[in-house]
Amino acid sequence: MTQTTAYTTLEASVYASKGLADCKVLVVDDEQSSCLLITTILSDIVQCEFLHDPARVIDYCEKQPPDLIVLDINMPGINGIELCQQLKQNRNTSACPVVFITGDGNAETQNKCWQAGASDYVRKPVVASTLVHRVKNLLQSKLRLDLLTELTFKDQLTALYNRYYLFTEIPTQLKRLSRESKSLGVIMIDIDYFKGFNDRYGHVAGDKCLFDVAQTLKDQLPGPHDSIVRFGGEEFSVFLPDTTQEECRNIGQRMVDAIANLSIDNEASPLGKVTISAGYVISPPTNTPDLEQLLSEADLYLYEAKLAGKARLTGSTEKQNQAC
Ligand SMILES: [Mg+2]
C-alpha cells in the first residue's frame, strides 16, 4: 500500500460526510391530510417521518434525533409553540432546527414562533417549492455546521475527540456531574513499545495501528455520554460519567484485553504484539474536581502499570488492595 492510499483510506473513513438525502426530517401535525401533503413534498429530497401526536415528540427525538422538525402550531394537548420551547430547552434537541407550518400569519403568531426558537415558518396553504427550499437551505447550513464541529473537536487521524474538546467540553461535564453528586471515571492509556513499532514498521503502519487501536477502544465504551480523547501521540484518555470504581475498572480491563486480542504484530515488544497500559481514577462525587489533577493522578497509575511490566491496568482499587 502506498503512503497516499493509506492516508486517503483513513481520512475517507473519518470524514464520510452526510448528504442532504441522508437527513431525517420529522413532520408533526395532528391533521392527517396536511401531514401526508408535507411528507410527500419533502420525501423527494430527504428521509421523512411523521407523528400525529405532539406528546410523543420529545421521546421520539431522544431515541432517534432528527436533523430538522416541521411543526404544526395548532394541535390538541400541547401546541406547536410550547413543544418548540421544550425542544429548545432539551440538551439533545436544542440544536435541531424547527420550521413552523402556520395557517395564521399575523404578527403576534410570527413573534411567538421566533421567540420559541423557530428557524423559519411556512404559511398554509403550503407552496411545495417554498417548503422544499426553506428546508433544504436549513439542512445545508446544519450539515456545514456539523462538519465544522466535527473538524474542530475531532482528531484527524483517529476520528476520536481531540485535546481542544478535552479542555473545552470535559470541564463543563465535570461541573454538571458535581452538581448532580455524580462521579467521573478517567482512564489514561498508552500504547506499549510504540516507538519501537514505528521504527520497525514505519510511520504509515504506525498510523494504521493508531487508527485500529482507537476504533477498538471506542467500541468498548458502554454509554452514549462516555467519550475518548486522543491525548497525544499514542496516548488516549477515556471519560466515563456517572461510573462506579468497579465499572471503570471493568471497562479499563476490557480495553487492555481487546487491544491484546487484536493481535497486531509488534516485534519490538517482548509479547510480540501491540498492547496498551492503562491507569484509572474516579473523581469524588462531592466536590468539583480539577481536570488537570484527575488526569495527572490517572497518569501516575499508568506509569505504575508501565513499571509493573506493561500490558495491564492499574488504578486506585489496586493501590488500596496493596496497602491492606
Ligand atoms: Mg393542526
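Quantities reported herein were computed from a predicted structural model and do not represent experimental measurements.
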More than 12 heavy atoms from other groups under 6.0 Å of CD on Gln64: yes
Check whether Glu247 reaches the backbone of Thr244 with its side chain - one donor and one acceptor, N or O, closer than 3.5 Å. yes
Pairwise distance CG(Leu262) to OG1(Thr216) - rounded to 0.5 angstrom: 4.0 Å
What do the steps show when you test Glu62 against Asn90 for side chain to side chain donor-acceptor pair (under 3.5 Å), and what is the final call? CA-CA 9 Å; Glu62 279 183 355; Asn90 186 315; 3.0 Å; yes
Salt bridge flag under 4.0 Å for residues Lys124 and Asp104: no
Does this structure show an ion pair linking Arg134 with Asp120, if we count only N-O contacts that are shorter than 4.0 Å? yes
Are the side chains of Val70 and Leu42 in touch, meaning some heavy atoms are under 4.5 Å apart? yes
Under a 4.5 Å cut-off applied to non-hydrogen side-chain atoms, are Asp30 and Cys35 in contact? no
Work out which heavy atom in Ile170 is nearest to a heavy atom in Leu291; give both atom names and the distance. CG2-CD1, 3.8 Å
Which atom names give the shortest non-hydrogen contact between Ile264 and Cys209, and what distance separates them? CD1-SG, 4.4 Å
With heavy-atom distances below 4.5 Å as the criterion, would you say the side chains of Ile38 and Ile101 are in contact? yes
Would you sort out whether Phe239 and Val186 count as a side-chain contact (heavy atoms from CB on, under 4.5 Å), showing the intermediate values? CA-CA 5 Å; Phe239 299 93; Val186 179; 4.0 Å; yes
Got more than 12 heavy atoms from elsewhere within 6.0 Å of CZ, Arg176? yes
Hydrophobic cluster identity match, Val256 and Leu210, side-chain contacts under 4.5 Å: yes
Do the side chains of Asp190 and Lys306 get close enough for a salt bridge, i.e. N-O under 4.0 angstrom? yes
Within 45° of the ring axis of Tyr161 and under 6.0 Å from its six-membered ring centre, is that where the NZ or CZ of Lys154 lies? yes
Shortest non-hydrogen contact from Cys113 toward Ile73: SG-CD1, 3.7 Å
Closest approach of Glu235 and Asp299, non-hydrogen atoms and distance? OE2-OD1, 3.3 Å
Which pair of non-hydrogen atoms, one from Gly185 and one from Ile282, has the smallest distance, and what is that distance? CA-CD1, 3.8 Å
Less than 4.5 Å apart, side chain to side chain, heavy atoms only: is that true for Leu26 and Tyr60? yes
Ignoring hydrogens and geometry beyond distance, is a side-chain donor-acceptor pair present between Gln86 and Glu82 at under 3.5 Å? no
Relative to the ring of Phe197, is the ring of Phe194 parallel (under 30°), tilted (30 to 60°) or perpendicular (over 60°)? parallel
Linking I/L/V/M/F/W/Y whenever any side-chain heavy atoms sit under 4.5 Å apart, do Tyr201 and Tyr193 land together? no
Thr172 side chain to Thr168 main-chain N or O, any donor-acceptor pair under 3.5 Å? yes
I need the Asp226 CG to Ile251 CD1 distance, nearest 0.5 Å. 6.0 Å
As an exercise, state the distance from OG of Ser183 to CG of Leu294, rounded to the nearest 0.5 Å. 10.5 Å
Between the side chains of Asp192 and Thr275, is a donor N or O closer than 3.5 angstrom to an acceptor N or O? yes
Glu108 atom CD, neighbour heavy-atom count above 12 within 6.0 Å: no
Do Ile58 and Leu87 make a side-chain contact, defined as non-hydrogen atoms from C-beta onward lying under 4.5 Å apart? yes
side-chain contact (heavy atoms from CB on, under 4.5 Å) assessment of Phe236 paired with Val213: CA-CA 10 Å; Phe236 306 92; Val213 167; 4.1 Å; yes
For Asp29 against His52, the heavy-atom pair lying closest together: O-ND1, 2.9 Å
Heavy-atom distance under 4.5 Å between the side chains of Gln245 and Ser316, does that happen here? yes
Look at the side chain of Asp22 and the backbone N and O of Lys18, then say whether any donor-acceptor pair between them is shorter than 3.5 Å. no
Does the side chain of Arg249 reach to within under 4.5 Å of the side chain of Tyr280, using non-hydrogen atoms? yes
Please determine whether a side-chain nitrogen of the Lys or Arg among Arg230 and Asp155 lies less than 4.0 Å from a carboxylate oxygen of the Asp or Glu. yes
Assess whether side-chain contact (heavy atoms from CB on, under 4.5 Å) is satisfied between Arg144 and Ser141, documenting all intermediate values. CA-CA 5 Å; Arg144 278 195 290 270; Ser141 298; 3.9 Å; yes
Does Thr243 use its side chain to pair, donor to acceptor, with the backbone of Leu240 at less than 3.5 Å? yes
Taking only Lys NZ, Arg NE, NH1 and NH2, and the carboxylate oxygens of Asp or Glu, determine whether Lys24 and Glu49 approach each other closer than 4.0 Å. no
Answer with yes or no whether the side chains of Asp146 and Thr149 bring together a donor and an acceptor at under 3.5 Å. no
In this structure, which one of Leu138, Leu139, Leu143 forms a side chain to side chain contact (heavy atoms under 4.5 Å, CB included) with Asp67? Leu139
Checking Arg163 against Phe231: charged group under 6.0 Å from the ring centre and within 45 degrees of the axis? yes
Donor-acceptor pair, side chain of Ser277 and main chain of Ala311, under 3.5 angstrom: yes
Main chain of Gln293, side chain of Ser296: is a donor-acceptor contact present, judged purely on distance under 3.5 Å? yes
Which value, rounded to the nearest 0.5 Å, describes the distance between Asn74 atom CG and Asp72 atom CG? 6.0 Å
Heavy-atom count check: over 12 atoms from other residues, nucleotides or ligands less than 6.0 Å from Tyr164 OH? no
Given the rule in the ring pair (Phe, Tyr, Trp, His ring centres under 6.0 Å) test, do Phe153 and Tyr165 qualify, once you have shown the distances and angles that lead to the verdict? CA-CA 5 Å; Phe153 284 130; Tyr165 174 89; 5.6 Å; yes
Transitive ILVMFWY side-chain link Val28 to Val135, under 4.5 Å: no
Contact between Lys142 and Leu68 at the side-chain level, heavy atoms closer than 4.5 Å - yes or no? no
Treating Ile, Leu, Val, Met, Phe, Trp and Tyr as nodes and any side-chain heavy-atom pair under 4.5 angstrom as an edge, say whether Trp114 and Val98 lie in one connected cluster. yes
According to a hydrophobic-cluster definition based on side-chain heavy atoms being under 4.5 Å apart (Ile, Leu, Val, Met, Phe, Trp, Tyr only), do Leu51 and Val27 belong together? no
For Arg312 and Ala308, indicate whether the former's side chain and the latter's backbone hold a donor-acceptor pair under 3.5 Å. yes
Checking side chain to side chain donor-acceptor pair (under 3.5 Å) for the pair Asn106/Gln110: CA distance, chi angles, key distance, verdict? CA-CA 6 Å; Asn106 69 40; Gln110 289 184 33; over 6 Å; no
About how many Å separate CD of Gln156 and CG of Leu151, when rounded to the nearest 0.5 Å? 7.0 Å
Between CD1 of Ile81 and OG1 of Thr102, what distance do you get to the nearest 0.5 Å? 8.0 Å
Test Val46 against Lys136 for side-chain contact (heavy atoms from CB on, under 4.5 Å), laying out the working first. CA-CA 9 Å; Val46 291; Lys136 205 166 153 181; over 6 Å; no
